[in-house]
Amino acid sequence: MKFRLAIWILVVVALVSTVSAAPASTRPMGKQTSHVALAQTPPMGWNSWNKFACNVNEQLIRETADAMVTNGMKDAGYQYVNIDDCWQVDRAADGSIVVDSHFPSGIKALADYVHGKGLKLGIYTDAGHYTCQKRPGSYDHEKQDIDTYAAWGVDYVKIDWCYAEGLDPEVQYVKFRDAIAAASHPIVFSLCNWGVKAPWRWGAKTGNSWRTTGDISDNWDSMSSIGFSQDGLERFSKPGHWNDPDMLEVGNGGMKKDEYRTHMALWAILAAPLLAGNDLRSMNAETHDMLTNREVIAVNQDKLGKQGRRVWHEGPLEIWARPLADGSHAVALFNRGSGSIRMTLPFGVIGVTGTAALRDLWEHKDLMPISKSYSADVPEHGVVLLKVSEAKVKKSVTP
Ligand code: GAL
């Protein structure tokens, strides 16, 4: 009898330990689905708002997905095709969201199409009563809407903060987080409340990224004041949880080439989501080369996931740096002033003491190894973007 009991205990112990050691995918499903870790590097993709505002439709989204594949952006790492405001129009009697007639095939069909291209689909809603364009918001429909998106196969949701007077973002956004955690499909969660109540302080408990500022516009003053104001927020960002200084304006026509380079370089140093905001179907070679510069993207997507910061400044001149997984640093010399200005990077500011190996990431060129400091002419509103590492000193072999 005692022997039988001992056998039973052994069997039960073995069963319990097998279940808890099983990988999440084979574990019996509980209430919450355990999703793979999302956004381990800043999300890359496209969003309709900066170029198209409310003029979105099914055709545009399909053509954008097509373009992302054919123009090489997909190969460069861009993945999410995100519809911003204005895809929704009403609520049905059962409370479910009604899709605007500009999307006649519905969002599920669109998600299938985008998935068929090896890409992912993103969508937009608002935590308040209406979206910023007065379409129905998700207030009081948080779980219902997330379940609908998951059933459609949506992979990313941006959640805005218009018409949310009197609501607390820390309370409202958690409702979406919990719905997403329990949903049948993994969804990247992008909070968009423009910095209200300092979302960097609580955002990582809630979503994968949080907007830190108001909206970007396609001009130097807007882009530079947003981008250069991010110093100090670096400690809140980490793999899976990113500060979001808003989407890219590269290629929309309101800035000069050097200004767009500053935009890309800064967003790379900031480990910011890289969501192109131009018309991907008709961009020129300059825009294309800027958006698909692999060496700049590699800085943005660096596996260490450490957001950079300002390490030196003097008047309109700023040097920002970001440590990279291979032990090197991405360093950007920015000239926010007028006319070309010669700038010097003293290697001490990034902790490089010996001779430095340098690579110019816009020019795709290795520079001569050099000690102590490096100087370069930086164009007006432009940037010199470098990868800097301690040069490997060749040991002399004594016979
Ligand atoms: C703003 C948001 C923008 C865009 C717009 C749509 O609040 O910051 O990125 O989504 O709403 O109406």
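Every number for a ligand or one of its atoms is a count from 1 in the order of the listing. Position 1 is the first residue of the sequence, and the numbers go up from there.
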(Q) Among all protein heavy atoms in this structure, tell me which lies nearest to atom 3 (C) of ligand 1, with the distance rounded to 0.1 Å. (A) Asp215 OD2, 3.5 Å
Q. What atoms in ligand 1 come closer than 4.0 Å to a heavy atom of Gln133?
A. 12 (O)
Q. At what distance is the nearest protein heavy atom to atom 2 (C) of ligand 1, and which residue and atom is it?
A. Asp160 OD2, 3.3 Å
Q) Is any N or O atom of Asp246, backbone or side chain, closer than 3.5 Å to an N or O atom of ligand 1? A) no
Q. Who's the nearest protein heavy-atom neighbour of atom 9 (O) of ligand 1, and how far?
A. Lys158 NZ, 2.8 Å
(Q) Using a strict threshold of under 4.0 Å (side-chain N to carboxylate O), is an ion pair present between Glu63 and Arg281? (A) yes
Q.
Geometry only, no angles: is Trp49 polar-contacting ligand 1 at N/O separations under 3.5 Å?
A. no
Q.
Please confirm whether the ring centroid of Tyr173 lies under 6.0 Å from the ring centroid of Trp210.
A. no
Q: Identify which one of Lys256, Arg261, Arg336 satisfies the salt bridge (charged side-chain N to carboxylate O under 4.0 Å, His left out) criterion when paired with Glu380.
A: Lys256
(Q) Ignoring hydrogens, what is the shortest heavy-atom contact between Asp246 and Ile216? Give both atom names and the distance. (A) OD2-N, 2.8 Å
Q. Taking the six-membered ring of Tyr260 as reference, does the NZ or CZ atom of Lys257 fall below 6.0 Å from its centre and within a 45° cone about the axis?
A. no
Q: Enumerate the atoms of ligand 1 whose separation from the nearest heavy atom of Cys192 is less than 4.0 angstrom.
A: 2 (C), 8 (O)
Q | Nearest neighbour in protein (non-hydrogen) for atom 4 (C) of ligand 1 | A | Asp84 OD1, 3.4 Å
Q: Report the part of Trp194 (side chain from C-beta onward, or backbone N, CA, C, O) that has a heavy atom under 4.0 Å from ligand 1; answer both or neither where that applies.
A: side chain
Q: Please state whether Tyr124 comes within less than 4.0 angstrom of ligand 1, counting heavy atoms only.
A: yes
Q. With atoms numbered from 1 as shown, which atoms in ligand 1 lie under 4.0 angstrom from a non-hydrogen atom of Cys132?
A. 1 (C), 7 (O), 11 (O), 12 (O)
Q.
Taking the ring of Phe228 and the ring of Phe334, is the distance between their centroids below 6.0 Å?
A. yes
Q) Would you say Ser48 and Met247 make side-chain contact, with heavy atoms under 4.5 Å? A) no
Q: Do me a favour and list the nearest non-hydrogen protein atom to atom 12 (O) of ligand 1 with residue, atom name and distance?
A: Asp85 OD2, 2.8 Å
(Q) Show me which atoms of ligand 1 lie under 4.0 Å from any heavy atom of Arg211. (A) 8 (O), 9 (O)
Q.
Taking the basic N atoms (NZ, or NE/NH1/NH2) and the acidic carboxylate oxygens, is any pair closer than 4.0 Å for Lys306 and Asp302?
A. no
Q: Enter the distance from Arg359:CZ to Asp366:CG here, rounded to the nearest 0.5 Å.
A: 4.5 Å
